[in-house]
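Values below: every heavy atom of this structure, side chains too, minus hydrogens, waters and symmetry copies.
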Amino acid sequence: GEFEGVGIQFNIMNDTIMVIAAVSGGPSEKVGIKAGDRIISVDGENVAGIGIDNNRVMKTLRGKKGSIVKIGIVRPGVDQQLDFVVKRDVIHNNTITAPYMIDKKTGYIKIDQFGNTTASEFEVALLKLNEFGGDEAVAIFAEYFNSIQKTNSINEFDMDDIITKG
């Protein structure tokens, strides 16, 4: 899927928005926001220590493509607050990245997170591997990052069906 926003993955830890990852190539990564950053203000409004929830974070950080948001960050190892001006953009929320052949018989598919499109993205990645290695692509390795606990769709992801089709 896709959405419009600043392009971060986050968790709320100790009543503070913690950046888990900036979406590769997304607006936040482009301006220098990094994993481990703590968001303390958005457009001058304090968002730390106020009981913020996931819905409010998403409403605050998502917005129309091209709109501007000012994000105040506390970064470990940096003494002063860092301020970033982020221009929202379309964020492509792919759950699978980096399908490639390790050697002639081993394919690699990285699963960053599980979501509604993971099964279909996996099928496309598997087809790409088959193009590179034909029937030689017999082993598939998947990495799981921040995935299983973040979605209910994990129960719908059936590897046996996908591997049989591939």
Side-chain angles (χ1 to χ4, degrees), residues 1-100 102 108-129 141-157:
E2 62 184 35
F3 62 93
E4 295 180 359
V6 299
I8 63 164
Q9 294 177 357
F10 69 90
N11 275 336
I12 298 174
M13 301 175 75
N14 299 324
D15 206 16
T16 303
I17 305 165
M18 171 79 76
V19 177
I20 302 303
V23 173
S24 180
S28 290
E29 183 189 61
K30 288 177 183 174
V31 299
I33 294 175
K34 301 177 180 182
D37 286 348
R38 291 164 179 81
I39 298 175
I40 59 169
S41 67
V42 176
D43 286 333
E45 180 183 338
N46 178 41
V47 294
I50 62 167
I52 199 163
D53 62 16
N54 285 340
N55 288 334
R56 182 157 175 220
V57 173
M58 287 188 286
K59 285 179 185 175
T60 303
L61 297 178
R62 288 186 178 182
K64 187 176 179 179
K65 176 183 175 178
S67 62
I68 302 293
V69 62
K70 296 175 185 167
I71 300 176
I73 298 279
V74 171
R75 179 173 290 162
V78 178
D79 291 336
Q80 72 275 6
Q81 175 180 321
L82 302 172
D83 294 309
F84 295 92
V85 176
V86 183
K87 186 176 182 180
R88 293 179 178 107
D89 203 349
V90 175
I91 307 301
H92 301 282
N93 195 15
N94 295 327
T95 62
I96 291 180
T97 56
Y100 64 91
I102 294 172
Y108 177 92
I109 299 174
K110 178 180 173 186
I111 301 174
D112 290 316
Q113 62 188 351
F114 283 93
N116 293 333
T117 60
T118 304
S120 60
E121 287 180 49
F122 192 91
E123 286 184 78
V124 169
L126 188 57
L127 290 172
K128 284 182 183 177
L129 290 182
F141 299 97
E143 287 186 31
Y144 305 94
F145 293 103
N146 307 321
S147 59
I148 294 173
Q149 63 192 4
K150 285 190 173 183
T151 181
N152 294 328
S153 64
I154 184 71
N155 295 328
E156 300 168 16
F157 190 76

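Gln81 meets the side-chain hydrogen bond (donor to acceptor under 3.5 Å, both in side chains) test with Asp83; sequence neighbours excluded. Contacts of Arg88 classified as side-chain hydrogen bond (donor to acceptor under 3.5 Å, both in side chains), with partners at least two apart in sequence or in another chain: Ser67.
Interatomic distance, CE of Met18 versus OG1 of Thr16, reported as 8.0 Å (0.5 Å rounding). The CE atom of Met13 sits 6.5 Å away from the CD1 atom of Ile20 when rounded to the nearest 0.5 Å. The distance from the CD1 atom of Ile52 to the CG atom of Asp15 is 8.5 Å, given to the nearest 0.5 Å. The CD1 atom of Ile109 sits 10.5 Å away from atom CD of Glu123, with the distance rounded to the nearest 0.5 Å. In this structure, the separation between CD1 on Ile33 and CD1 on Ile73 is 4.5 Å, given to the nearest 0.5 Å. The distance from atom CG of Asn54 to atom CG of Asn11, rounded to the nearest 0.5 Å, is 7.5 Å.
Nearest heavy-atom pair, Glu29 versus Val23, reported as atom, atom and distance to 0.1 Å: CB-O, 3.6 Å. In terms of heavy atoms, Pro27 sits closest to Gly5 at CG-O, 3.7 Å.
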Which is it for Ile8 and Ile39 under the side-chain contact (heavy atoms from CB on, under 4.5 Å) test, yes or no, and what are the steps along the way?
-> CA-CA 11 Å; Ile8 63 164; Ile39 298 175; 3.7 Å; yes
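Although no hydrogens or angles enter the test, the distance criterion places a donor-acceptor pair under 3.5 Å between the side chain of Glu4 and the main chain of Lys65. Formation of a donor-acceptor pair under 3.5 Å by the Ser28 side chain with backbone atoms of Val6 is found in this model. Of the possible polar contacts, one joining the Arg38 side chain to the Gly36 backbone as a donor-acceptor pair under 3.5 Å is found. Asn46 places no side-chain N or O within donor-acceptor distance of the main-chain N or O of Ser41, the cut-off being under 3.5 Å.
The number of heavy atoms from other shown groups lying within 6.0 Å of CG (Asn14) does not exceed 12.
In this structure, Glu121 and Thr118 have side chains that are not in contact, with every pair of non-hydrogen atoms separated by 4.5 Å or more. Side-chain contact check for Phe10 versus Val57: some heavy-atom pair is nearer than 4.5 Å. In this structure the side chain of Val85 never reaches within 4.5 angstrom of the side chain of Val31, judged on heavy atoms. Using a 4.5 Å heavy-atom cutoff, the side chains of Ile71 and Leu61 are in contact. With a 4.5 Å cut-off on side-chain heavy atoms, Leu82 and Asp37 do not count as touching.
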